[in-house]
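Keep in mind that this is a model prediction, so the values were computed, not measured.
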Amino acid sequence: MDLTVLGCSGSYPGPDSPASGYLVEAEGARLVMDLGNGVLSALQARLDPFAVDALLLSHLHPDHCADVSALTVLRRYHPAPPYDPRQRRLVVHAPSEAPDRLAAAYAPSAAERAETDLSDVFDFRALGSEPFRVGPMTVTAVPVAHPCEAYGFRIEHDGVVLAYTGDTGPCPALVDLARDADVLLAEASWTHSPDRPADLHLSGQDAGTVAAKAGVRRLLLTHVPPWTSADAVLAEARTVFDGPVELVAAGRSYRI
């Protein structure tokens, strides 16, 4: 598999990166995990958005799904799409409220909201416990600790595993999510402190601890907000995880 970081800024777009968005490719199949503020622009710089086979949304905070509104415009009104969008909708695996929440974000007024439906361009499928396929890749969604319905993703292909935490506080599910993964793509939004809010985000130390407990081969840190010291987060992770660990950067690709 190949992982390309479309955006990795935590909580909002930063000066050097869109918010959260990742492209995963295997044997010609392409899925995108999260589509936060600015990610659609970065996606277009790499490939035709119509070439994406599925979109996975870890949760419905704007820094992970805001550009779905822009993608709706592109798919609905593009004058010359490579196929008839009435015959092929983009599959979107997302939390259960996604059809209503994303339609509300797209509608310009309360009156139009009553008539807005995104089903002409998206095939929404609620995330659950059953694994699903995107081309040759098998995806398992794992509920994680966040203020809203939120998931991490475990993506497997040909014996190789990529685990992605999404946004989450420390929770037992993360170790199972990342068990023996070749790569753990983990959010790390702040440095470690006992007074951090519960069930919200990971610190660098938290991410490194999960990687160590799960037997991860490589740790990639992401979702660091511009107000957080990325170097401090990286240093924390290295104190508890002795494998390869690095901060991702927008535009970089990683072979898994």
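For the residue pair S17 and C8, the shortest heavy atom distance occurs at OG-N, 2.9 Å. Nearest heavy-atom pair across R133 and T138 is NH1-OG1, 2.8 Å. The minimum heavy-atom distance linking P136 with H157 is given by the pair O-ND1, 3.5 Å. Nearest approach of P170 to D199, heavy atoms of both residues: O-OD1, 4.4 Å. When every heavy atom of P143 is checked against every heavy atom of A173, the shortest pair comes out as O-CB, 3.6 Å. Across all non-hydrogen atoms, the minimal contact from A237 to V245 is CB-CG2, 4.2 Å.
F124 and L127 are not part of a single hydrophobic cluster, where members link through side-chain heavy atoms under 4.5 Å apart. Cluster annotation: L177 and V216 are assigned to the same hydrophobic cluster (Ile/Leu/Val/Met/Phe/Trp/Tyr, side-chain heavy-atom contacts under 4.5 Å, transitive). Taken together through direct or relayed side-chain contacts under 4.5 Å among Ile, Leu, Val, Met, Phe, Trp and Tyr, V139 and V32 form parts of separate hydrophobic clusters. Taken together through direct or relayed side-chain contacts under 4.5 Å among Ile, Leu, Val, Met, Phe, Trp and Tyr, L162 and V210 form parts of separate hydrophobic clusters. Taken together through direct or relayed side-chain contacts under 4.5 Å among Ile, Leu, Val, Met, Phe, Trp and Tyr, L3 and L47 form parts of separate hydrophobic clusters.
Side-chain N or O atoms of R101 include none that pairs as donor or acceptor with a backbone N or O of P95 at under 3.5 Å. In this structure a side-chain-to-backbone donor-acceptor pair under 3.5 Å is missing from S20 to D34. Put simply, the side chain of S203 never gets that close to the backbone of T191: no donor and acceptor are under 3.5 Å apart. Using modelled atom types, one side-chain atom of D53 and one backbone atom of R30 make a donor-acceptor pair closer than 3.5 Å. A distance-only check finds no donor-acceptor pair linking the side chain of D182 to the backbone of I256 [under 3.5 Å]. In this structure, the side chain of S193 does not engage the main chain of R196 through any donor-acceptor pair within 3.5 Å. Remark: side-chain polar atoms of T165 are paired, donor with acceptor, to backbone N or O of E187 under 3.5 angstrom. Using modelled atom types, no side-chain atom of S41 and backbone atom of G38 make a donor-acceptor pair closer than 3.5 Å. Put simply, the side chain of H146 never gets that close to the backbone of C148: no donor and acceptor are under 3.5 Å apart. Proximity of a side-chain donor or acceptor of D63 to a complementary backbone N or O of A19 within less than 3.5 Å is not detected.
Rounding to the nearest 0.5 Å gives a distance of 6.0 Å between CD of E236 and CD of Q205. Atom OH of residue Y164 and atom CE of residue M33 lie 6.0 Å apart, to the nearest 0.5 angstrom. Rounding to the nearest 0.5 Å gives a distance of 10.5 Å between CG of D67 and CG of L55. The structure places CG of L90 at 6.5 Å from CG of L71, a figure rounded to the nearest 0.5 Å. In this structure, L219 CG and R238 CZ are separated by 10.0 Å, a value rounded to the nearest 0.5 Å.
A salt bridge links D120 with R76: at least one charged nitrogen is closer than 4.0 Å to a carboxylate oxygen. Looking at R154 and E156, a side-chain N of the basic residue comes within less than 4.0 Å of a carboxylate O on the acidic one, giving a salt bridge. The residues E246 and R252 are annotated as salt-bridged, a charged nitrogen and a carboxylate oxygen being separated by less than 4.0 angstrom.
For the 3.5 Å distance criterion, the side chains of D231 and S229 fail to qualify, holding no donor opposite an acceptor.
Within 6.0 Å of CG in D242 there are 12 or fewer heavy atoms belonging to other residues, nucleotides or ligands.
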Audit row: E149, S96, side chain to side chain donor-acceptor pair (under 3.5 Å) steps and yes/no: CA-CA 8 Å; E149 183 184 355; S96 57; 3.0 Å; yes
Worked verdict on T116 versus Y106 for side chain to side chain contact (heavy atoms under 4.5 Å, CB included): CA-CA 8 Å; T116 297; Y106 179 80; 4.0 Å; yes
Evaluation steps, side chain to side chain contact (heavy atoms under 4.5 Å, CB included), between V5 and Y22: CA-CA 5 Å; V5 179; Y22 311 92; 4.0 Å; yes
Steps toward side chain to side chain contact (heavy atoms under 4.5 Å, CB included) verdict (C65, L102): CA-CA 8 Å; C65 70; L102 294 174; 4.0 Å; yes
Working for side chain to side chain contact (heavy atoms under 4.5 Å, CB included), residues F132 and R125: CA-CA 10 Å; F132 55 89; R125 303 182 186 182; over 6 Å; no
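Side-chain atoms of E25 and L31, non-hydrogen and from C-beta on, never get closer than 4.5 Å to each other. Between K213 and R179, the closest side-chain pair of non-hydrogen atoms is not below 4.5 Å. When side chains are defined from C-beta on, F241 does not count as touching T209, because their heavy atoms never get closer than 4.5 Å. Proximity of L220 to V183: side-chain heavy atoms (C-beta onward) are separated by under 4.5 Å at one or more points. When side chains are defined from C-beta on, V134 does not count as touching I155, because their heavy atoms never get closer than 4.5 Å. L74 is listed as a side-chain neighbour of P49, based on a closest heavy-atom distance under 4.5 Å. Within the 4.5 Å cutoff, no side-chain heavy atoms of D2 are placed close to those of S253. Counting heavy atoms from C-beta on, the side chains of L174 and L202 come closer than 4.5 Å.
In this structure, the ring-ring contact (aromatic ring centres under 6.0 Å, His included) partners of H64, at least two apart in sequence or on a different chain, are H59, H223.
Of the residues D158, V160, V24, the one that meets the side-chain contact (heavy atoms from CB on, under 4.5 Å) test with M137 is V24.
A ring-centre distance under 6.0 Å is not found for H93 and F153.
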